[in-house]
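Numbers restart at 1 for each chain; the letters A, B, ... are given by sequence-line order, proteins then strands. Worth knowing before you read on, the calculation uses all heavy atoms, side chains too, and leaves out hydrogens, waters and symmetry mates.
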Protein chains: 2
Amino acid sequence: MKETDNREIFNRYGIKNTRQRNIIFNILKKADSPLTAEQIFLGCKKLDDSMSFSTVYRILNTFILKDMVVKTSITEDNKSMFELNYEEHKHYLVCVSCSKMITIGHCPIEDYENSLQKTTNFDITGHKLEVYGYCPQCKNKK
Amino acid sequence: MKETDNREIFNRYGIKNTRQRNIIFNILKKADSPLTAEQIFLGCKKLDDSMSFSTVYRILNTFILKDMVVKTSITEDNKSMFELNYEEHKHYLVCVSCSKMITIGHCPIEDYENSLQKTTNFDITGHKLEVYGYCPQCKNKK
DNA sequence: GTGAATGCAAAGAGTTTGCAAGGTT
DNA sequence: AACCTTGCAAACTCTTTGCATTCAC
């Protein structure tokens, strides 16, 4: 534990600063799209061979409880995916062939939520949007 | 098998007309939002106590293969949900408290897909959108 | 030192599969 | 009759949990 120490962040959220939490937090920080628990576990293994799979899940659930991480369901095969809870609103464009995910900057439906709030009388708290397609590489292979 | 016989539909898709398929197809027809495999199984049990859970999954997968049904992932707890593959494009507004789902008629992002296609060079095939909030009943209990 | 976090193994969900028996065309 | 579908039980995958040990504060 040296250069990449997230102690201050963990303090702010009231959780202890452990080696395993640092590893996972750093993996999520580096990721540019949501990761499966398995991807995170494999990343951990490279840095600490003794890391256990249940620790990965437990830490992710702790992070979720503290709102540091969000679970974005969404694959066809019922695997959860995890990413840092960025303040900015993000959506992904997902390749249905190779599963590559790229970030969509602008959110097209914030305005829409307002009108929906009026018509449905729901108190709207958020939304999930994913767009699917073939990425430039895969569409040429079709 | 009498009044509610989907033989013609099954013929059209090239699959046999069985009692179990009729039961499941009718349950999906009546549903106004996606159902979990368990909900479907429980519905089946009421009409045919001998129905097996694996039959439910197998029939659902057959229907998916024939594009009669779509699997819409999406719950926080990694359960799949299933609904008929309606031609019209549908989205749901989901209550985060009681899980009630209501259908959103208009899709706000069809235009958006076109612009995204240009900027990303993806060949876009579809999208998934769910909006979350508290329904009128639940928001008063908060 | 005290309570919280970890590793391991085992248990739980949800879903799929092998096989023998039964149903559909 | 030939093939497809079903029921049952067992297997498989993803995730959670119990318990003893280790670690952070």
| field | Check: B/D67 main-chain N/O paired with B/N85 side-chain donor or acceptor under 3.5 Å | value | yes

| task | Check the pair A/K46, A/L42 against side-chain contact (heavy atoms from CB on, under 4.5 Å), reporting the backbone distance first and the verdict last. | result | CA-CA 7 Å; A/K46 278 194 245 167; A/L42 293 175; 5.9 Å; no

| task | Carefully, step by step, assess B/M68 and B/L84 under the rule side-chain contact (heavy atoms from CB on, under 4.5 Å). | result | CA-CA 6 Å; B/M68 300 161 66; B/L84 290 187; 5.6 Å; no

| request: Identify, with sequence neighbours excluded, every residue that meets ring-ring contact (aromatic ring centres under 6.0 Å, His included) alongside A/F41. | output: A/F53

| query | What's the verdict on side-chain contact (heavy atoms from CB on, under 4.5 Å) for B/I24 and B/T55, showing C-alpha distance, side-chain angles and the deciding distance? | reply | CA-CA 10 Å; B/I24 292 181; B/T55 300; 5.6 Å; no

| Between B/N17 (CG) and D/dC4 (C1'), how many Å, whole number? | 13 Å

| task | Round to the nearest Å and state the distance from A/F82 atom CZ to D/dC14 atom C1'. | result | 10 Å

| query | Got a sec? Which of residues 56-65 of chain B come in under 4.0 Å of DNA chain C, heavy atoms? | reply | B/Y57, B/R58, B/N61

| query | Does any residue of residues 38-53 of chain A have a heavy atom under 4.0 Å from DNA chain C, and if so, which ones, in number order? | reply | A/S50, A/M51, A/S52

| Side-chain donor or acceptor of B/T18 under 3.5 Å from a matching atom on the base of D/dC4? | no

| query | If you pin B/T55 and B/K16 to their nearest nucleotides in DNA chain C, which one's is more 5'? | reply | B/T55

| query | Is the distance between the ring centroids of B/F25 and B/F10 under 6.0 Å? | reply | yes

| Non-hydrogen side-chain atoms of B/V56 and B/M51 separated by less than 4.5 Å | yes

| request: Taking side-chain contact (heavy atoms from CB on, under 4.5 Å) as the test, write out the residues that go with A/N121, two or more places apart. | output: B/P136, B/K139

| query | Between CD1 of B/I15 and NZ of B/K66, what distance do you get to the nearest 0.5 Å? | reply | 7.0 Å

| said: For chain A and DNA chain C, what are the first and last nucleotides along the strand, 5' to 3', with at least one atom under 4.0 angstrom from a heavy atom of the protein chain? | reply: C/dG3 to C/dT15

| Between the side chains of B/N17 and B/N22, does any donor sit under 3.5 Å from an acceptor? | yes

| request: List in chain and number order the residues that pass side-chain hydrogen bond (donor to acceptor under 3.5 Å, both in side chains) with B/Q39, two or more places apart in sequence or in another chain; answer none if no residue qualifies. | output: B/T36

| note | The nucleotide from D/dT15, D/dT5, D/dC8 with an atom nearest the side chain of A/S80 is D/dT15

